Amino acid sequence: MQRIEVTGRRSVRRQPVEEFAAALQGRTLGVVGRHGKFLVIALDGSQNEALVIHLRMSGQVRLSASLDGRPKHTHVVLGLGGGSEMRFVDPRTFGELFVDRLDVDGRPVSLQAMGPDALDPRLSAAMLHNRITAGRRSLGLKPALLDQRVLAGVGNLYADEALFAAALRPDRRAASLTARQSVMLHRSLRRILRAAIAARGSSLADAAYVDTLGLPGGYAARHQVYARADHPCPRCATPILRIVVAARGTHFCPSCQT
DNA sequence: AAGCACACCTGCTAGC
DNA sequence: TGCTAGCAGGTGTGCT
């Protein structure tokens with residue numbers, strides 16, 4: 001990158017903007033990876049550093065011709081050369097970008113407290129079971145799934161979908177999970193996350209999520225319970241219930257999820 | 001010390 | 001028609 005523009009006040013907040021820009025100046029974007037909900041883009045020509053991006057609720061990473069008009073709420077622009085640029089667009093300004101060092105495992109050092117990624121092939125059902133149930137007397141199952149220190153990468157929407165697929169109530173105690181139920185949950189989480197990625201994500205009614213080319217994802221059409229309150233349960237036709245768990249809209253079947 | 005409430009923020013929608 | 005209140009949620013912080 002030769003040209004780094006940071007116009008938004010909040011999008012670069014973990015480090016001084018000058019430091020952020022200096023770390024990117026003259027570097028080339030390399031391999032694109034992910035840990036949990038954080039995008040990790042290696043910086044070639046630097047020593048084990050990466051551009052780390054979290055979209056939070058409304059962030060978008062867009063690739064466009066530099067000559068194209070910039071969308072409203074464009075907060076950071078990285079000139080990529082060849083007349084193209086990468087733009088960080090984020091109406092709600094919850095999202096963020098920072099440059100971080102990578103540890104020996106290739107994980108940004110700021111993210112070391114995070115649990116294993118939900119799709120990490122090394123994460124077994126037994127490990128998931130241990131992480132969810134360890135030392136938790138009163139925490140609910142869904143809050144445990146949403147805790148990125150327990151498991152990285154599961155947000156509100158996919159927590160609801162995975163719990164439905166595993167036939168587990170979101171408001172049951174995390175510690176009550178049996179080993180057998182953990183196997184179901186492990187399987188459901190992976191199946192749903194893989195299918196959602198294959199469908200390029202869930203774009204909801206607000207179309208806040210689009211890919212780098214501005215295209216919406218197609219997974220929302222396959223949601224079984226999320227944002228489907230009062231619709232019949234796909235398994236047993238009982239109306240889907242919406243409750244609030246940990247201050248988040250939570251959707252489940254009160255009949256076949258236990 | 002685990003677990004909770006709340007702040008952060010804007011766009012959209014429901015309701016008057 | 002035009003306004004406003006309410007809602008959406010990931011994560012960091014601060015409180016109990």
Side-chain angles (χ1 to χ4, degrees), chain A residues 6-15 34-40 52-62 70-76 87-98 100 107-118 130-163 170-177 189 193 196 201-210 214 216-217 219-220 223 225-230 240-252:
Chain A
V6 179
T7 47
R9 260 179 285 181
R10 282 173 42 80
S11 301
V12 177
R13 54 181 182 264
R14 289 205 193 199
Q15 64 201 148
R34 177 183 72 76
H35 189 81
K37 303 170 191 173
F38 288 85
L39 295 167
V40 181
V52 184
I53 305 174
H54 198 308
L55 303 177
R56 292 294 213 283
M57 297 306 302
S58 60
Q60 303 175 357
V61 171
R62 304 288 295 271
R70 290 181 185 173
K72 198 176 176 184
H73 307 298
T74 298
H75 303 309
V76 178
R87 299 159 173 179
F88 183 71
V89 181
D90 186 15
R92 276 179 247 185
T93 73
F94 282 18
E96 62 168 330
L97 305 87
F98 57 97
D100 202 2
R107 185 193 291 206
V109 295
S110 302
L111 308 183
Q112 283 174 336
M114 294 184 81
D117 189 273
N130 289 339
R131 297 191 72 85
I132 286 178
T133 57
R136 292 167 189 281
R137 298 175 194 284
S138 63
L139 185 67
L141 178 55
K142 180 172 172 183
L145 276 184
L146 295 178
D147 186 338
Q148 302 296 298
R149 295 166 301 180
V150 173
L151 186 67
V154 180
N156 192 48
L157 189 168
Y158 297 115
D160 279 7
E161 292 297 315
L163 289 168
D171 57 350
R172 66 182 283 158
R173 301 299 92 187
S176 75
L177 206 62
L189 273 171
L193 290 175
S202 297
S203 296
L204 307 180
D206 62 2
Y209 175 72
V210 294
Y219 194 70
H223 292 170
V225 291
Y226 181 77
R228 295 186 56 78
D230 302 326
I240 297 299
L241 204 58
R242 182 189 188 277
I243 62 173
V244 175
V245 175
R248 278 163 190 86
T250 297
H251 316 77
F252 70 104

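Chain naming here is simple, since letters A, B, ... match the order of the sequence lines and numbering starts at 1 in each. Predicted model, so just to flag it, every value in this text is computed and none were measured.
- Each of dT10(B), dG3(B), dG9(C) was ranked by its minimum atom distance to the side chain of Asn156(A); first place goes to dG9(C).
- Between His54(A) and Phe38(A), the ring planes are perpendicular. Angles over 60° get that label, and only those under 30° would be called parallel.
- The phosphate of dG9(C) (OP1 or OP2) has a side-chain N or O of Tyr226(A) nearer than 4.0 angstrom.
- Phosphate contact (OP1/OP2 of dC9(B), side-chain N/O of His73(A), threshold under 4.0 Å): absent.
- Between Gln148(A) and dT11(C) there is a side-chain polar atom (N or O) within less than 4.0 angstrom of OP1 or OP2.
- Dashed line: the shortest gap from a side-chain N or O of Arg10(A) to OP1 or OP2 of dC8(B) is not under 4.0 Å.
- Phe94(A) qualifies as a stacking partner of the dC8(B) base, centre to centre under 5.5 Å and near-parallel within 30°.
- Nucleotide dT1(C) is matched to nothing when pairs are restricted to Watson-Crick or G-U wobble geometry with both distances under 3.5 angstrom.
- Between Arg14(A) and the phosphate of dG12(C), there is a side-chain N or O to OP1/OP2 separation shorter than 4.0 Å.
- Residue His54(A) places none of its side-chain N or O atoms closer than 4.0 Å to OP1 or OP2 of dG10(C).
- Mapping Phe38(A) and Arg242(A) onto DNA chain C by nearest heavy atom places Arg242(A) closer to the 5' end of the strand.
- The shortest distance between the side-chain N/O atoms of Lys37(A) and the OP1/OP2 oxygens of dT11(C) is below 4.0 Å.
- A salt bridge links Asp160(A) and Lys142(A); the closest N-O separation between the charged side-chain nitrogens and carboxylate oxygens is under 4.0 Å.
- Using a 4.0 Å heavy-atom criterion, one finds that Gly249(A) contacts the sugar-phosphate atoms exclusively.
- Judged by atom type and distance alone, Arg248(A) does not reach the base of dA8(C) through any side-chain donor-acceptor pair under 3.5 Å.
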